[in-house]
Asks: 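The following block contains the structure, expressed as structure tokens.
Naming convention: chains lettered A, B, ... in sequence-line order (proteins, then strands); numbering from 1 in each chain. Only this structure's heavy atoms are used, side chains among them; waters, hydrogens and symmetry mates stay out.
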Protein chains: 2
Amino acid sequence: MATGRTHRPATRSRGIPEATVARLPLYLRALTALSERSVPTVSSEELAAAAGVNSAKLRKDFSYLGSYGTRGVGYDVEYLVYQISRELGLTQDWPVVIVGIGNLGAALANYGGFASRGFRVAALIDADPAMAGTPVAGMPVQHTDELEKIISDNGVSIGVISTPAGAAQQVCERLVAAGVTSILNFAPTVLSVPDGVDVRKVDLSIELQILAFHEQRKAGEDAAPEGPVPPVSAKQQRKGPDGDVPAVMPA
Amino acid sequence: MATGRTHRPATRSRGIPEATVARLPLYLRALTALSERSVPTVSSEELAAAAGVNSAKLRKDFSYLGSYGTRGVGYDVEYLVYQISRELGLTQDWPVVIVGIGNLGAALANYGGFASRGFRVAALIDADPAMAGTPVAGMPVQHTDELEKIISDNGVSIGVISTPAGAAQQVCERLVAAGVTSILNFAPTVLSVPDGVDVRKVDLSIELQILAFHEQRKAGEDAAPEGPVPPVSAKQQRKGPDGDVPAVMPA
DNA sequence: CGGTGTGAAGTAGTTCACAGCC
DNA sequence: GGCTGTGAACTACTTCACACCG
């Protein structure tokens with residue numbers, strides 16, 4: 001999964017578990033597909049399969065929202081789409097700004113999945129004056145100087161950061177100062193934000209590293225390559241978890 | 001957090017909890033930064049702050065890898081960098097292919113964070129013959145026809161899918177058939193794969209939807225807009241979780 | 001002392017299995 | 001008969017708090 005989060009750990013919003021919230025968009029996507037094919041109802045089993053989870057989990061998840069199904073029948077597709085959309089807050093319009101219009105920022109600006117879910121790209125912002133004017137995804141790129149004005153004029157509360165790592169914290173602070181309270185961070189840095197501001201992090205290289213970990217396991221335990229980095233100083237014993245770390249790197 | 005995962009739930013790789021694995025790249029990044037500033041040792045407290053977690057969690061995480069710290073002192077930065085890299089399998093070279101060179105694929109191809117961690121982009125693949133030859137990030141884009149040959153010639157075991165949703169499952173199947181066993185999926189679809197293949201999913205719009213959920217809470221419970229979608233038929237009672245769902249949408 | 005390493009306690013999330021309703 | 005909704009059991013993860021060691 002994409003990863004990281006920074007959350008007030010108390011006040012778990014109105015009793016819906018975080019893990020459930022994270023799956024609602026998945027259900028919503030599956031339901032939307034069914035809706036487009038004019039399927040009137042689904043069972044938890046079918047919907048779970050489409051969303052890639054098991055049916056007990058799905059039923060438990062829905063039970064936090066209310067009793068929206070019909071025993072012996074299943075769930076009404078249109079009705080559930082509406083309920084989940086409302087729960088997620090997608091029945092309203094969310095203006096977002098994207099800061100940092102490099103390759104990734106441009107990809108985000110062009111990404112159709114935003115508009116289709118109540119998210120509206122209110123502005124594209126970049127620090128490079130040379131980009132100003134050049135349209136990306138049919139919108140003009142505006143200069144960072146305008147950031148505060150754009151945020152307040154448009155009532156933006158969600159910001160996307162796709163700048164280089166070095167610029168991210170500073171951009172974050174300006175966004176927050178201007179009134180943004182939710183941030184989606186693509187820059188490979190830990191952002192620090194005041195309480196009350198949510199940060200979600202998407203980190204491409206972290207995802208690959210997690211895959212590499214599992215991939216390595218599949219390949220079987222090969223001998224580790226020689227250990228180039230000695231420890232602080234001579235030590236007596238290093239206990240590896242269960243017997244790797246041959247005899248190479250410590251002592 | 002980026003999201004989704006598809007894992008053999010048994011065989012939790014050699015006893016390192018999945019949640020810990022997901023944080024190792026974070027620690028590694030923080031350690032690398034310290035290493036570049038030639039800091040010789042860190043305490044769990046300092047490192048935890050840099051990685052954005054609490055120190056108890058960090059110490060527990062490291063305890064799964066082995067006893068790599070020194071009581072009263074902290075952790076040797078270089079040594080830990082090596083241990084975590086090795087644990088994650090980053091001491092070896094991982095050739096990856098990126099399939100689907102649209103905006104996002106191009107962004108990924110240009111992303112520096114891959115190369116710096118043992119990941120090498122072995123090929124860029126796209127279905128559009130018009131793209132063949134046009135270099136992206138200094139590499140030629142190759143046609144999908146070559147996919148199988150590229151995978152086996154380069155011994156690729158990790159594939160990145162950044163195609164449109166409609167093409168993703170088919171691409172996935174070809175990758176798997178050709179020998180790929182780990183997939184990072186950016187397409188907004190649930191991929192189905194045989195056992196033994198890992199899929200991680202990064203979904204931009206899901207992350208925004210999760211933010212919107214929390215954002216909505218902060219704004220306070222406003223009246224929900226009128227409910228445009230009636231349920232299956234007239235019903236007696238709908239119990240919302242604790243008293244929303246005014247009187248509008250059911251019955 | 002100071003800071004790691006870790007059992008024990010606490011909390012969150014998942015799965016089971018079945019009562020209850022359509 | 002079929003399928004939802006949910007307590008109860010279980011598993012995973014986190015946090016506490018302190019023994020132990022450099």
Asks: So, OP1 or OP2 of D:dC3: does either fall under 4.0 Å of a side-chain N or O from A:S44?
Replies: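 For D:dC3, neither OP1 nor OP2 has a side-chain N or O of A:S44 closer than 4.0 Å.
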Asks: For a quick check under 3.5 Å, do B:Y79 and B:Q83 share a side-chain donor-acceptor pair by atom type?
Replies: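 Side-chain D/A pair, B:Y79 to B:Q83: present.
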Asks: Find the distance B:E18:CD to D:dT11:P and express it as a whole number of Å.
Replies: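 B:E18 atom CD is separated from D:dT11 atom P by 18 Å.
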Asks: In whole angstroms, how far is the C1' atom of D:dC13 from the CZ atom of B:R59?
Replies: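 The distance from CZ of B:R59 to C1' of D:dC13 comes to 16 Å, rounded to the nearest Å.
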Asks: With respect to the side chain of B:N54, which nucleotide from D:dG5, D:dC13, D:dT15 is positioned closest?
Replies: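 The answer is D:dT15, which lies nearest to the side chain.
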Asks: When the distance from OH of A:Y68 to P of D:dT6 is rounded to whole Å, what number comes out?
Replies: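 Rounded to whole Å, this separation is 12 Å.
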Asks: Would you be so kind as to tabulate the donor-acceptor pairs closer than 3.5 Å made by side chains of residues 157-169 of chain A, with sequence neighbours excluded?
Replies:
{"from": "A:S162", "atom 1": "OG", "to": "A:V99", "atom 2": "O", "distance (Å)": "3.3"}
{"from": "A:S162", "atom 1": "OG", "to": "A:G100", "atom 2": "O", "distance (Å)": "2.7"}
{"from": "A:Q169", "atom 1": "OE1", "to": "A:S192", "atom 2": "N", "distance (Å)": "3.0"}
{"from": "A:Q169", "atom 1": "NE2", "to": "A:E173", "atom 2": "OE2", "distance (Å)": "2.8"}
{"from": "A:Q169", "atom 1": "NE2", "to": "A:S192", "atom 2": "O", "distance (Å)": "3.1"}

Asks: Select one nucleotide: of D:dT14, C:dC21, C:dG5, the one nearest the side-chain heavy atoms of A:R71.
Replies: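 Among D:dT14, C:dC21, C:dG5, the one nearest the side chain of A:R71 is C:dC21.
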Asks: Tell me which of A:T20 and A:G72 sits closer to the 5' end of DNA chain C, going by the nucleotide each one is nearest to.
Replies: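 With A:T20 and A:G72 compared, the 5'-side residue is A:T20.
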Asks: By nearest atom, which of the nucleotides D:dC13, D:dT6, C:dA8 is closest to the A:K60 side chain?
Replies: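 The answer is D:dT6.
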Asks: A:K57 has a side chain; which of D:dC13, C:dT14, C:dC22 sits nearest to it?
Replies: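 Nearest to the side-chain atoms of A:K57, counting from C-beta on, is C:dT14.
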Asks: Would you kindly say whether A:S182 and A:D198 are connected by a side-chain donor-acceptor distance under 3.5 Å?
Replies: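 No - no donor-acceptor pair under 3.5 Å links their side chains.
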Asks: Less than 6.0 angstrom separating the ring centers of B:F62 and B:Y75, yes or no?
Replies: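 Yes - the distance between ring centres of B:F62 and B:Y75 falls below the 6.0 Å cut-off.
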Asks: Table please: side-chain donor-acceptor pairs of residues 48-58 of chain B below 3.5 Å, with sequence neighbours left out.
Replies:
{"from": "B:N54", "atom 1": "OD1", "to": "B:A56", "atom 2": "N", "distance (Å)": "3.1"}
{"from": "B:N54", "atom 1": "OD1", "to": "B:K57", "atom 2": "N", "distance (Å)": "2.9"}

Asks: Rounding to a whole Å, what distance do you find between B:D61:CG and D:dA12:C1'?
Replies: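 The answer, rounded to whole Å, is 13 Å.
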Asks: Dot-bracket for DNA chain D, please. Rules: Watson-Crick or G-U, both distances under 3.5 Å, ( ) within the strand, [ ] when a pair crosses earlier ones, | for another strand, . otherwise.
Replies: ||||||||||||||||||||||
Asks: Starting at CD of A:Q83 and ending at C1' of D:dT4, how long is that distance when rounded to a whole Å?
Replies: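 Answer to the nearest Å: 16 Å.
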Asks: Could you tell me how far apart A:Y75 (OH) and C:dC22 (C1') are, to the nearest whole angstrom?
Replies: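 It is 14 Å, rounded to the nearest whole Å.
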Asks: Minimum heavy-atom separation for A:I183 to A:C172, with atom names?
Replies: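 Taking every non-hydrogen atom into account, CD1-SG, 3.7 Å.
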Asks: Please pick, from C:dG3, D:dG22, C:dT14, the nucleotide with the shortest atom-to-atom distance to any side-chain atom of B:T70.
Replies: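 Among the listed nucleotides, the one closest to the side chain of B:T70 is D:dG22.
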Asks: How long is the line joining CG of A:L58 and P of C:dT14, in whole Å?
Replies: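 In whole Å, C:dT14 P lies 12 Å from A:L58 CG.
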Asks: Within this structure, what is the CZ-to-P distance between B:R23 and D:dA12, rounded to whole angstrom?
Replies: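 One finds 15 Å between P of D:dA12 and CZ of B:R23, rounded.
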Asks: Are A:Y111 and A:F114 an aromatic pair, judged by ring center distance below 6.0 Å?
Replies: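 Between A:Y111 and A:F114, which both carry aromatic rings, the centre distance is below 6.0 Å.
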